[in-house]
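Notes follow the structure.
Counting starts at 1 for both ligands and their atoms, in listed order. Hydrogens, waters and symmetry mates play no part in the numbers below; they use all other heavy atoms, side chains included.
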Amino acid sequence: MSEITKRIVIQDKDAPKEEELREAAAILARGDLVAFPTETVYGLGANALDEEAAKKIYAAKGRPSDNPLIAHVARIEDVSDLVREIPEAGKKLMDAFWPGPLTLIFPKKDIVPYGTTGGLNTVAVRMPSHPTARLLIALAGVPIAAPSANTSGKPSPTTADHVMQDMNGKIDMVVDGGEVEIGVESTIVDVSSKIPTLLRPGAITMEMLEEVLGEVAVDPVILGPVKEGVRPKAPGMKYRHYAPKAEMTLVEEASVEEMVKKIQELAKEKQREGFRVGILCTDESLQAYPSDMVVKSIGKREREETVAHNLFAVLREFDDAGVDCIFSESFPKDHMGQAIMNRLSKAAGYHIVRG
Ligand code: TXA
Ligand code: MG
């Protein structure tokens, strides 16, 4: 691998050209690493059937090897090569939401190495909707294992610049398809269990899953800290993720007004103690906070997809701003808010102040 990561810019991200992706596909096919955009976040891709390639992903990310990877496919037909069976719930969800931001857990076939699944007998599969991701996977001719393309523990990358911050010199190429659309990682549903179970919330919300399936169970680790001795079903959920460098506190109150007031108080106190304070707020409340603090809006409270879209980028901006502590507004935990609060709670290391 070269010292410097090559960057290929896709001219029209809705219609990538084969020639733009041929070199990237060849790198993947020979067992090396390429970061590429998906509709959720940037992924760090490698051949999912090649254990040695999977090892390179873990090395580049500094990721614990018991944390399994998602295999990305370009076509629905490719799923049956990887999985022993597609349960009824899986079929329904694939029909309703693929291609798109939904990952499904199936019993794996022998062809999928344990190096990809972190030793598990199941495999996570996703068919992304992003045209560049789809064309790249198709050209590579193999399923592509792709975790988010961040250093383990850092916020997931939503631009090629974020990928370069973490991966420059560690991977062969980044395919630059501009900013991603959704901004949080895919929803994960285990359809290998008797009752389909939500393991990680995302843009395909609990409400949307229930509409298709009726009953859906929820892995309790989604909103709370992982209790000692409890094993989250998605091994990745146990790690402190997405974390900015500063100590972060998430503030929950009965109303938005009370929440804003509480953050104002807590922030002033910290500032008096001499700390450089950051505030993560929304467009609606931006004016309510003192201008001598680092105040950043994450999006419109009234349009939660904008909050999801900006979430990881704003966490990275706080790192760049060098704040000592961050106070963050919170969101209702239904619809897209479930995914937003899951990521913010983890970013805060579950340090949550409730009124
Ligand atoms: O949106 C996404 O899913 C992005 C893009 C690149 O597609 N990828 C992504 O991958 O978020 P990663 O590796 O950062 O997160 C994968 C999650 C981890 O929490 C992992 O533990 C879980 O999926 N996972 C993977 N295989 C699993 C399995 N067999 N059983 C349970 N959980 C699994
Ligand atoms: Mg990740």
Side-chain angles (χ1 to χ4, degrees), residues 33-46 48 54 57-58 60-73 82-84 97-109 112-130 132-134 136-137 143-158 162-163 166 175 177 180-193 196-204 219 221-222 226 231-243 308 312 339 342-343 346-347:
L33 306 183
V34 175
F36 60 96
T38 80
E39 66 277 24
T40 55
V41 299
Y42 272 75
L44 178 54
I57 288 183
Y58 289 104
K61 279 181 66 81
R63 173 169 172 148
S65 62
D66 69 339
N67 190 358
L69 307 173
I70 298 171
H72 295 66
V73 296
L82 307 177
V83 314
R84 266 190 285 124
F97 302 118
W98 276 15
L102 175 69
T103 296
L104 298 172
I105 310 289
F106 297 103
K108 81 169 191 73
K109 275 190 177 161
V112 183
Y114 286 110
T116 297
T117 68
L120 298 174
N121 285 317
T122 51
V123 59
V125 187
R126 165 160 122 80
M127 178 160 92
S129 62
H130 197 291
T132 298
R134 293 269 293 287
L136 177 60
I137 299 163
I144 298 298
S148 47
N150 52 288
T151 302
S152 197
K154 292 257 288 192
S156 293
T158 56
H162 296 163
V163 176
D166 286 11
V175 175
V180 302
E181 188 191 326
I182 294 172
V184 294
E185 306 88 342
S186 61
T187 304
I188 304 180
V189 179
D190 186 353
V191 291
S192 74
S193 55
T197 306
L198 177 66
L199 307 189
R200 179 174 75 182
I204 305 297
D219 194 15
V221 308
I222 280 177
V226 180
R231 248 181 96 88
K233 296 201 176 70
M237 298 294 276
K238 72 173 171 275
Y239 299 104
R240 183 175 181 224
H241 241 198
Y242 319 121
F312 290 132
N342 169 261
R343 306 312 191 272
K346 290 181 79 168

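At a heavy-atom cutoff of 4.0 Å, ligand 1 is contacted by the side chain of R200 but not by its backbone. Under 4.0 angstrom from ligand 1, the non-hydrogen atoms of T122 come from both its backbone and its side chain. At a heavy-atom distance under 4.0 Å, no atom of L44 approaches ligand 1. Of all the heavy atoms of R63, the ones lying under 4.0 Å from any atom of ligand 1 belong exclusively to the side chain.
Remark: ligand 1 atoms within the under-4.0 Å shell around heavy atoms of L120 are 28 (C), 29 (N), 30 (N). Less than 4.0 angstrom separates some heavy atom of G43 from each of these atoms of ligand 1: 6 (C). Those atoms of ligand 1 with a heavy atom of S186 less than 4.0 angstrom away are 1 (O), 2 (C), 3 (O). Atoms of ligand 1 found under 4.0 Å from any heavy atom of A146 (numbered from 1 in listed order, with element): 6 (C), 8 (N), 10 (O). Near I188, meaning under 4.0 Å from one of its heavy atoms, ligand 1 places the atoms 17 (C), 22 (C), 23 (O). The ligand atoms of ligand 1 that sit less than 4.0 angstrom from a heavy atom of N67 are 18 (C), 20 (C), 21 (O). Taking a cut-off of under 4.0 Å to the non-hydrogen atoms of P68, the atoms of ligand 1 that pass are 20 (C), 21 (O), 24 (N), 25 (C), 26 (N), 27 (C), 33 (C). Of all atoms in ligand 1, numbered sequentially from 1 with element shown, those under 4.0 Å from a heavy atom of E185 are 1 (O), 2 (C), 11 (O).
Panel note: side chain T38, backbone T40; a donor-acceptor pair is recorded below 3.5 Å.
Ligand 1 has no N or O atom lying under 3.5 Å from any N or O atom of I105, backbone or side chain. Polar contact check, K61 against ligand 1: no nitrogen or oxygen pair lies under 3.5 Å apart.
A salt bridge between R126 and E185 is absent, with no side-chain N of the basic residue lying under 4.0 Å from a carboxylate O of the acidic one.
Put simply, no part of T117 is less than 4.0 Å from ligand 1, judged by heavy atoms. At least one heavy atom of H72 sits closer than 4.0 Å to an atom of ligand 1.
Between the choices V123, V41, T116, the shortest heavy-atom distance to atom 4 (C) of ligand 1 belongs to V41.
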Next on the checklist: Is there a side chain to side chain contact (heavy atoms under 4.5 Å, CB included) between I188 and I105? Walk through the geometry before answering.
Outcome noted: CA-CA 7 Å; I188 304 180; I105 310 289; 3.8 Å; yes

Next on the checklist: Let's go through N150 and K61 carefully: what are the C-alpha distance in whole Å and the side-chain angles of both, what is the deciding distance for side chain to side chain contact (heavy atoms under 4.5 Å, CB included) to 0.1 Å, and is it a yes or a no?
Outcome noted: CA-CA 6 Å; N150 52 288; K61 279 181 66 81; 3.5 Å; yes

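A distance of 8.5 Å separates NZ in K108 from CZ in R84, rounded to the nearest 0.5 Å.
Here the side chains of F36 and I144 are in contact, with some heavy-atom distance below 4.5 Å. Inter-residue side-chain proximity for R200 and S186 is flagged as met; some heavy-atom pair is nearer than 4.5 Å. Residues P101 and T187 have side chains not in contact (no heavy-atom distance under 4.5 Å, counting atoms from C-beta outward). Taking 4.5 Å as the limit, some side-chain heavy atom of R63 sits within range of a side-chain heavy atom of L69. Residues P235 and L120 form a side-chain contact, since some pair of their non-hydrogen atoms from C-beta on lies under 4.5 Å apart.
Taking the ring centre of F312 as origin, the terminal cationic atom of K154 falls outside the region bounded by 6.0 Å and 45° from the ring axis.
Backbone or side-chain N, O or S atoms of S152 do not reach the Mg ion (ligand 2) at under 2.8 Å.
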